[in-house]
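Below is one structure, written out as structure tokens, with a few remarks after it.
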Amino acid sequence: MTDKKRKTIKWAEEPKIGFAEAIYLPAIVEGLKTTLRHAFEPRKTKQYPEEKPDLPLNYRGLHRLNRDDEGRVKCVACYLCQTACPANCITIVAAQPPSDDPHWAGRDKFPASFEIDELRCIYCGMCEEACPVDAIELTSIYDLTGMSRDEMIFDKEKLLSVFDKTVGGDKDPIRTHHGALGPASEIDLRTAQVAPPPPGHGRPG
Amino acid sequence: MSMADLWPLLTAIAIVMMIVPTIGLYMTFVERKVAALVQDRLGPNRVGPLGLFQAIADAIKIMLKEQVTPAQAQKVLFMTAPGIGLVASLMAIAVVPFGPVPTDQPAGVFRFMIAPGVDIGLLFLLAVSSLSAYGIILGGWASNNKYSMYGAIRSCAQFISYEVPLGLSILGIVAYSGTLSIEGIVASQSAGILHWNIWWQPLAAIIFFTSALAETNRLPFDLPECEQELVGGFHTEYSGIKFVLFFLAEYTHVVTVSFLVALLFLGGWHFPGVPSPAVGLTGSAILSMLILVIKVMMVVFFILMLRWTLPRFRFDQLMGLAWKGLIPLAMANLLGVVIVLSLGGSRWIMLPVSIALFVAGGYASALSFERAGRPVPPRPSTHLIKQGVA
């Protein structure tokens, strides 16, 4: 070993073992005190199926597809969520509603099919951030189970039923307040005029 | 031997053979509960009231499991090893009283013991319980797996080392009581709480308990099965009912050891205020049995608590503790007892002597640690040696 090496090596100091450590008993008594104290402390476990966790309102769980005031699906099939989704779990098929149907009055596009593969989803919440009409939201439902992979692909009806189940409850998501956050969802599509974007907005060219 | 003489024996065998595996089964449950207690959890509480049927559910599950026999294993030994371990553990129980057994016991009366009146009881117990090492060693070897083998070798070394202080530590009590039969030793402690052996042989009690813990392969001495280094140790390749037999053997061993601690050091079934038990099944006999069982349960609980209190020893520390610590102390203790008894002195001299021995042992140990911890003086450089300077 050269002198240079000897100087640069840092020798670890071993803990000093005195009389108290050598006879073990004080350490054992000390340890038993700790274990006994824990034995009589209140339990930190939650009895899960009986005792549900109190989730925050911004919890990101199962998706739902919101309905508008007339009970129609709010989604306008713009594909923004499908584009934003990093896990590629959303598949939308857009369609034009029949023009003479009063149910779809004022709507020129709606999702004929809207599928989310809940097994692929990573619950990042980017779909609801992308949505211009606040149609898709993440609820606080976390105990999602199924007997097959097919069962875990949620279609439009299933996602709408999630909305029916969760709307108005105390765990209604706070992110959108049914449209308060998304200005596009406030627009009455029946009367809205399609205006050119204001100068400075939109892509150049 | 007529049937009338045989029924107490058969009853005792039936009780032991039914109770001991049940206790072994429930030890797993109690162990999980204690673990949960110490870790601020609740532990198993789903099967039955308070989770009490968890042990039964576990037993049913593990018995229905597939039993894998490795292709390279020594089939016959692989099959017999768990049985050998369990049989050895159960045989040791034969001389352990589980209730009051007066020394002047007539035949043909129910006795809380399979084999009462065995004059070499302790010797038989030590001999047979060390046979359970065969189960572990054969199992480890027959598995044809290096981790199992390492576990078995460790277990072998540990058994050989800790047999010595285990036997030496109780020789002082044997010398005082003048008998090797366990009920005789308990009878010598019957006069009152101050006559319990732990008061005049505290050092022997500590040595016996420590060595017994090592014999049962429990933490902090569970090196034969330490998961971090050996996967599972000697039972790595075992599954299903064969694995259960190994664990039953281990827990039976724990129960035996707890009984021994209670019987040899804590006065057995004696407790101040409780009348000395009459012969046979009477109220006071059952009360005495309950006292013994409570003492044993307290020792078991202490062993379980120690598991979650102490970290595992390193192997050289384990060997050092036996050969450099416990064996010299046990020998000095035995020497002290022999000198005191042969000079006709009071046995209470052994209390300060025990404490002094313990302190001396600790002091010597601390000194050796200090010497070992001193920095090594730097070696002279090799080129100086070559030049003949150093």
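When reading the values below, keep in mind they use all heavy atoms of this one structure, side chains included, and skip hydrogens, waters and symmetry mates. Per chain, numbering begins at 1; letters A, B, ... match sequence-line order.
Nearest heavy atom pair, residue A:Phe19 against residue B:Val359, reads CE1-O, 3.3 Å. For the residue pair A:Leu32 and B:Phe302, the shortest heavy atom distance occurs at CD1-CE1, 3.4 Å.
A salt bridge does not link B:Arg41 to A:Glu41: none of the charged nitrogens lies less than 4.0 Å from a carboxylate oxygen.
Within a 6.0 Å radius of NZ in B:Lys324, no more than 12 heavy atoms belonging to other residues, nucleotides or ligands are found. Other residues, nucleotides and ligands place more than 12 heavy atoms under 6.0 Å from the CE atom of A:Met152. Heavy atoms from other residues, nucleotides or ligands lying under 6.0 Å from CG of A:Leu144 number more than 12. More than 12 non-hydrogen atoms from other residues, nucleotides or ligands lie less than 6.0 angstrom from CD of A:Glu151. No more than 12 heavy atoms of other residues, nucleotides or ligands shown are found within 6.0 angstrom of CZ on B:Phe53. Remark: B:Trp199 CH2 is loosely packed, at most 12 non-hydrogen atoms of other residues, nucleotides or ligands lying under 6.0 Å away.
Taking CG of B:Leu37 as the reference point, atom OG1 of A:Thr35 lies at 10.0 Å (rounded to 0.5 Å). To the nearest 0.5 angstrom, B:Asn45 atom CG is 4.5 Å from A:Gln47 atom CD. Taking CG from A:Leu36 and CE from B:Met305, the interatomic distance works out to 4.0 Å, rounded to the nearest 0.5 Å. Atom OG1 of B:Thr210 and atom OH of A:Tyr24 lie 10.5 Å apart (nearest 0.5 Å).
Heavy atoms closer than 4.5 Å to chain B are found nowhere in A:Thr34, neither backbone nor side chain. In this structure, chain A has a heavy atom under 4.5 Å from the side chain of B:Arg46, while its backbone stays farther away. With a threshold of 4.5 angstrom between heavy atoms, A:Leu25 approaches chain B through side-chain atoms but not through N, CA, C or O. Neither the backbone nor the side chain of A:Phe40 comes within less than 4.5 Å of any heavy atom in chain B. If you measure heavy-atom distances from B:Ala36 to chain A, the contacts under 4.5 Å come from the backbone alone.
For the set A:Ala27, A:Gly31, A:Ala20, the count of heavy-atom pairs under 4.5 angstrom toward chain B peaks at A:Gly31.
Residues A:Ile28 and B:Leu306 meet the side-chain proximity criterion, which asks for heavy atoms closer than 4.5 Å.
With hydrogens and angles disregarded, no donor-acceptor distance shorter than 3.5 Å links the side chain of A:Arg43 to the backbone of B:Leu42.
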